Amino acid sequence: MNTLYFKYAVEVERTRSITKAASNLYMAQPNLSKAIKELEDTLEIDIFERTSKGVFPTAKGKEFLEYAKKILIQIEKMESLKISKNRICQNFSIAVPGSSYISLCISDFISELNFSQDININVERMNSVDIVNSVADGKYNLGIVHYPLDYESYFMDFLRDKNICSENIWTFEHLLIMSEKNPLAGDSDISAEKLGNLIEIIQDDTYVPYINGVSKKNLSSKRIILHERDSQLELLCKIPDAFMWTSPVPEYILKRYGLIHRKCSQLSSKYRDLLVFQNGYRFSELDRKFADKLYSAKNSVSFIEYI
């Protein structure tokens, strides 16, 4: 069985299209269709159902694709063994949400690596559900899950189902972040009614299947959804009438962009961040160094003053 075909099938599942998958794989569409058909014939199952709305995995196909993804990850790890025994490589991988204190931690952690040795660092930003799935599949050794406490039972069940362990990082209150030139900057505790007159910048790191809806916080009719953290901060700086909900941001970042924290007691809710990893995973020395940096970065924003 050609394991390269596994990669083809996973890409078809991701794009929901033979044509798009073929383009991403730099191959002709008929050749990809032929490869998928050969794979299905070998397995004696239909991996995909072709519909007018796209290509979707069948029940058996979903089961196969889960195995295929795990095999591809294991092949990637085996190929990394090509590095000579006499060479030390600093390997570290983590999936994270978009929090400024986590970005600070990652920067400090990477800056203190031994640059005379080989380095293989993989950091990717994604939402919390995808983070759990990626750690469970072995794509990343570690992850940081960020969720509202209202979703606590959902995430605890989700982690158990995926055989994922966790360490509590902290529980905190969501804050407003805005330009120091914002018309509401003088209010230490801003009312929900006043927020309705501003522009809300939204980041969606807390997608939860079946239970997500429009947040009760999103009162403004003017909303901008951005997933790139630096762009969010730049926009807050350039649009004085904008605001965003966030975990506490390090002081030096606030000063860099001319931003401030403020409260909104009427709408603020509690959130939790967890460090997650597979059950039985043994932390490397580099993992422990990262964890130390993570808790240090958390401590640097734990006692934010709002005005």
Side-chain angles (χ1 to χ4, degrees), residues 1-77 79 93-98 122-140 143 145-147 151 154-155 157-159 161-164 202-215 223-229 231 276:
M1 190 179 297
N2 191 342
T3 56
L4 182 60
Y5 287 4
F6 294 3
K7 180 179 178 182
Y8 296 168
V10 169
E11 186 63 21
V12 171
E13 181 201 23
R14 190 183 73 82
T15 60
R16 296 290 193 262
S17 164
I18 297 283
T19 303
K20 288 180 182 177
S23 176
N24 292 345
L25 293 165
Y26 302 101
M27 63 189 299
Q29 185 267 337
N31 292 341
L32 178 57
S33 294
K34 182 181 178 182
I36 296 297
K37 183 66 169 62
E38 287 180 10
L39 183 58
E40 289 179 322
D41 289 344
T42 301
L43 294 169
E44 298 183 357
I45 65 167
D46 289 331
I47 300 173
F48 296 107
E49 179 184 0
R50 286 76 168 171
T51 73
S52 60
K53 295 183 179 180
V55 180
F56 299 91
T58 62
K60 282 288 185 182
K62 288 180 182 178
E63 188 176 352
F64 160 75
L65 287 162
E66 286 299 315
Y67 288 125
K69 290 173 189 175
K70 291 177 181 178
I71 290 170
L72 289 171
I73 289 168
Q74 294 305 315
I75 289 173
E76 184 179 332
K77 289 182 177 180
E79 288 176 345
S93 66
I94 191 167
V96 300
N122 186 7
V123 179
E124 185 174 352
R125 178 180 169 184
M126 57 183 73
N127 69 56
S128 292
V129 171
D130 287 343
I131 288 170
V132 173
N133 285 325
S134 294
V135 172
D137 289 343
K139 185 178 180 182
Y140 294 94
V145 175
H146 170 86
Y147 61 86
Y151 296 171
Y154 174 92
F155 275 96
D157 289 342
F158 188 34
L159 293 175
D161 288 345
K162 293 290 184 176
N163 201 24
I164 296 295
I202 300 169
Q203 57 174 343
D204 188 13
D205 283 337
T206 56
Y207 166 73
V208 178
Y210 311 118
I211 61 176
N212 258 23
V214 177
S215 167
R223 301 173 191 161
I224 301 171
I225 299 176
L226 281 176
H227 299 282
E228 209 286 308
R229 190 66 171 182
S231 297
V276 299

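The chain is numbered in sequence order, starting from 1. Please read these numbers as outputs of a predicted model, since none were measured by experiment. Values below: every heavy atom of this structure, side chains too, minus hydrogens, waters and symmetry copies.
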Worksheet entry | Residue pair Asn24, Arg14: steps toward the side-chain contact (heavy atoms from CB on, under 4.5 Å) verdict | CA-CA 11 Å; Asn24 292 345; Arg14 190 183 73 82; 3.2 Å; yes

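- Taking every heavy atom of both residues into account, Leu39 and Ala9 meet most closely at CD2-CB, 4.1 Å.
- Residues Arg16 and Pro57 meet the side-chain proximity criterion, which asks for heavy atoms closer than 4.5 Å.
- Of all heavy-atom pairs spanning Thr3 and Leu72, the tightest one is O-CD2, 3.9 Å.
- Remark: Tyr140 OH to Asn133 CG distance equals 13.0 Å, nearest 0.5 Å.
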Item to complete: Mind running side-chain contact (heavy atoms from CB on, under 4.5 Å) on Glu124 and Ile131 for me, showing each step along the way?
Response: CA-CA 9 Å; Glu124 185 174 352; Ile131 288 170; over 6 Å; no

Item to complete: Determine, step by step, whether Asp46 and Lys60 satisfy the side-chain contact (heavy atoms from CB on, under 4.5 Å) criterion, reporting the C-alpha distance in whole Å, the side-chain angles of both residues, the deciding distance to 0.1 Å, and the verdict.
Response: CA-CA 7 Å; Asp46 289 331; Lys60 282 288 185 182; over 6 Å; no

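- The aromatic rings of Phe158 and Tyr154 sit tilted relative to each other, their planes meeting at an angle between 30° and 60°.
- Going from atom CD1 of Ile47 over to atom CD of Glu13 covers 10.5 Å, rounded to the nearest 0.5 Å.
- Contact check on Lys37 versus Glu40 returns no salt bridge, with no Lys/Arg side-chain nitrogen under 4.0 Å from an Asp/Glu carboxylate oxygen.
- With ring centers used as reference points, Phe64 lies under 6.0 Å from Phe6.
- Ser134 and Met126 make their closest contact through OG-SD, 3.5 Å (heavy atoms, listed as atom of the first residue, atom of the second, distance).
- What you find for Ala22 and Gln29 is that their closest heavy atoms are CB-CA, 3.7 Å.
- How far CD of Glu66 is from NZ of Lys70: 6.5 Å, rounded to the nearest 0.5 Å.
- The NZ atom of Lys139 lies 9.0 Å from the CG atom of Asp137; values are rounded to the nearest 0.5 Å.
- Ser128 places a side-chain N or O within donor-acceptor distance of the main-chain N or O of His146, the cut-off being under 3.5 Å.
- Between the side chains of Thr42 and Glu38, no donor N or O sits under 3.5 Å from an acceptor N or O.
- Closest non-hydrogen pair, Ala21 versus Leu32, comes out as CB-CD2, 3.7 Å.
- With contacts defined as side-chain heavy-atom distances shorter than 4.5 Å, the pair Val135/Ile164 qualifies.
- Taking each heavy atom of Asn127 and Val129 in turn, the nearest pair found is OD1-N, 3.1 Å.
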